[in-house]
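Structure record follows, encoded as structure tokens.
All chains are named by letter (A, B, ...) in the order of the sequence lines, taking the proteins before the strands, and each is independently numbered beginning at 1. Quick caveat: nothing in here was measured; it's all calculated off a predicted structure.
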Amino acid sequence: MPVNCWVSSLRTTDTMKKLVDVNTSLGVWPFQRFAIDSARELADHQEAQGISASLVSHLGTVFYPDPNVYNLELIDALAPHDELHAVPVINPHLNRWEDDFERYFDQADIKAVKFMPSFHNYRIYSKPVFKLIEEASVRGARVLLQMRYEDERDRYFALNIDGPKTTQVLKLARRFPDTDLVALNCYLPEVKEMGPEADNLLFDIAFAEWMYTMGEMRSVVPVDRIFFGSHTPMLTTRSAVMKLMDSTLEDQEKDAIGRENAMRFFKL
Amino acid sequence: MRIIDVHTHPIFFEDNQSREEIDELILHARSFGYERMVILGDVLLYGKEPTEKQVAKINDWTIRLLEWHPDFFIGFCFLNPVLGRKAVRREVKRCADHGFKGIKLEICNNARDPVMAPVMEIAEELDLIVLQHTADQTVLKARKWHSDPADTALLGRRYPNVRIIMAHLTACSMRGTREIIDVPNVWHDTSAYLPFTGRLEYAVEQLGADRLLFGTDLLIRDIPSQLGRILGARISERDKRKILFDNARELLGLEPANN
């Protein structure tokens, strides 16, 4: 009997614990217009999608020369929302970034920090990145690597910024075998290439896609190294929710990817 | 929720060819509310310029799938227009004899090339729909063989009596939507790329929902993710129903629903 997928997906989320989204943003992107443009709207939107907690970075950190400005704005904006967790973006090649870093931890309960070597124009395998990973580790914060924001085939014609090379990501992961790194917005071929090569690389589901996506991911990466990530508001949140909740995985696996892995890993 | 998917490749690079795999795919699709699925063939198997024999082999697989599941699959005939008038007409007629409802064009040539004339003529003659792969070429820069939305819109203007589906709404972006506003014989499918927000809403606002068709591009894409693109869009429930089912049913000339 044909099943109404939308209702089926809602039913599934109703009967399970709510999701944790490790990949969301606030702010403006010059090539897209968002319906969500405040922390309140993001919180309401995520709640409506069955998501009870989200890790959030500010898109202003991508192009503005000093990400600190937008990190502070983000921390202020999220302060009234317990379900939204600020993830400051660090450019470890900026002089005295450590001062900003200290300040974030003083001002908020920071669970993770993010870096984006492609957009900030530095090599991923470099001493400042090593230092960032070490400092985050001392603070007990997790490190997120933003591989990309857009499909490279679909970006603004003059914006030629490619994601980091997988060989470099693996090289970095191998330098810190006891530190887990979360690579956000990896394509499925990248997950398949890197997943089996480094146990300390973890992935979200936002950019991974092929027929039976979740089964494909699980075949190369253990379930405990996969997180639910939607890349909201750039991608349709419902797509990520359905990709996981209407997949062929067992409920226990959906629960791990959708919530439990993130709760444990980020100490939410 | 009732669904017709107008853009699929159930066999892709010879993957998923067994009867069991196809049956499983249909079972999976039906669990979401799928009623019909348009199959376009394993179109990239032999590269961008397949020979006449290779084209026929690709279509033979579509014929086989139609024989397996005539109540579910709808066939479109894959063509290489560069092969010329005789080859085009021979293959289209062969496929039409098997009940195909359309023609699928990939990246053998650009949609504005003169080699398109015999394709469009026989499409009009046999009342077949033409589905043209299309993507914004301002970044991809392969326009010699790859159609930009402006090329597919021009094709629509040149052949106003042929119904055309311009593939890949996200890949065509907003510029693609604008290109076909005044070309009423061109529909747009939602298949492919990641579900970036705003594109579908923009298309509904500019075109209206009547010329938008749900497509996934599977096996390259996943059904729930592509479906979420429609269900999660900030458009009315009525427009979602049109995009997911009603428009395709009307375009493909399927029997009106009575259940």
A/Glu152 atom CD: more than 12 heavy-atom contacts under 6.0 Å | yes
Distance in Å, A/Gln32 CD paired with B/Ser173 OG, rounded so as to fall on 0.5 Å steps = 9.5 Å
Region of A/Phe31 in contact with chain B, defined by heavy-atom distances below 4.5 Å | neither
With a 4.5 angstrom heavy-atom cut-off, which part of A/Phe34 approaches chain B: side chain, backbone, both or neither?
-> side chain
If you round to the nearest 0.5 Å, how far is CG of B/Leu227 from CZ of A/Arg238?
-> 9.5 Å
Check whether more than 12 heavy atoms from other residues, nucleotides or ligands sit under 6.0 Å from atom CG of A/Asn121, and answer yes or no.
-> no
Are any non-hydrogen side-chain atoms of A/Met211 and B/Phe12 less than 4.5 angstrom apart?
-> no
Heavy atoms from other residues, nucleotides or ligands near CD of A/Glu250 exceed 12 (cutoff 6.0 Å) = no
Taking all atoms of both residues into account, what is the closest heavy-atom pair of B/Leu25 and A/Tyr212, and its distance?
-> CA-OH, 3.5 Å
Tell me, do A/Thr248 and B/Glu24 make a side-chain contact under 4.5 Å, heavy atoms counted?
-> no
A/Ala240, part contacting chain B, at a heavy-atom distance under 4.5 Å | neither
Side chains of A/Trp210 and B/Asp222: does their closest heavy-atom pair fall under 4.5 Å?
-> no
Name the region of A/Glu216, side chain, backbone, both or neither, that has any atom closer than 4.5 Å to a heavy atom of chain B.
-> neither
Measure B/Arg229 against the heavy atoms of chain A and call it side chain, backbone, both or neither at under 4.5 Å.
-> both
Got a second to check how far B/Leu200's CG is from A/Thr236's OG1, nearest 0.5 Å?
-> 8.0 Å
With a 4.5 angstrom heavy-atom cut-off, could you sort out which part of A/Thr237 is near chain B: side chain, backbone, both or neither?
-> neither
Among B/His28, B/Arg199, B/Met174, residue most engaged with chain A (heavy-atom pairs, under 4.5 Å) = B/His28
Validation row: A/Asp151, B/Phe196 side chains within 4.5 angstrom (heavy atoms) | yes
Might you confirm whether atom NZ of A/Lys192 has over 12 heavy atoms from other residues, nucleotides or ligands at distances under 6.0 Å?
-> yes
So, for B/Gly228 and A/Ser239, which heavy atoms are closest and what is the spacing to 0.1 Å?
-> C-OG, 3.3 Å
Counting N and O atoms only, with roles assigned by atom type, does the side chain of A/Glu209 sit under 3.5 Å from a partner on the main chain of B/Leu194, one being a donor and the other an acceptor?
-> no
Answer key: most heavy-atom pairs under 4.5 Å with chain B among A/Leu159, A/Asn160, A/Leu188, A/Thr213 is A/Thr213
Name the option with the most non-hydrogen atom pairs under 4.5 Å to chain B; the candidates are A/Lys243, A/Arg153, A/Glu150.
-> A/Arg153
Can you establish whether the number of heavy atoms outside B/Arg112 located under 6.0 Å from its atom CZ is more than 12?
-> yes
A/Arg33 atom CZ, over 12 foreign heavy atoms within 6.0 Å | no
Below 4.5 Å from any heavy atom of chain A, which atoms of B/Thr216 appear? Answer side chain, backbone, both or neither.
-> neither
Point-to-point distance, once rounded to the nearest 0.5 Å, from SG of B/Cys172 to CG of A/Asp154 = 10.0 Å
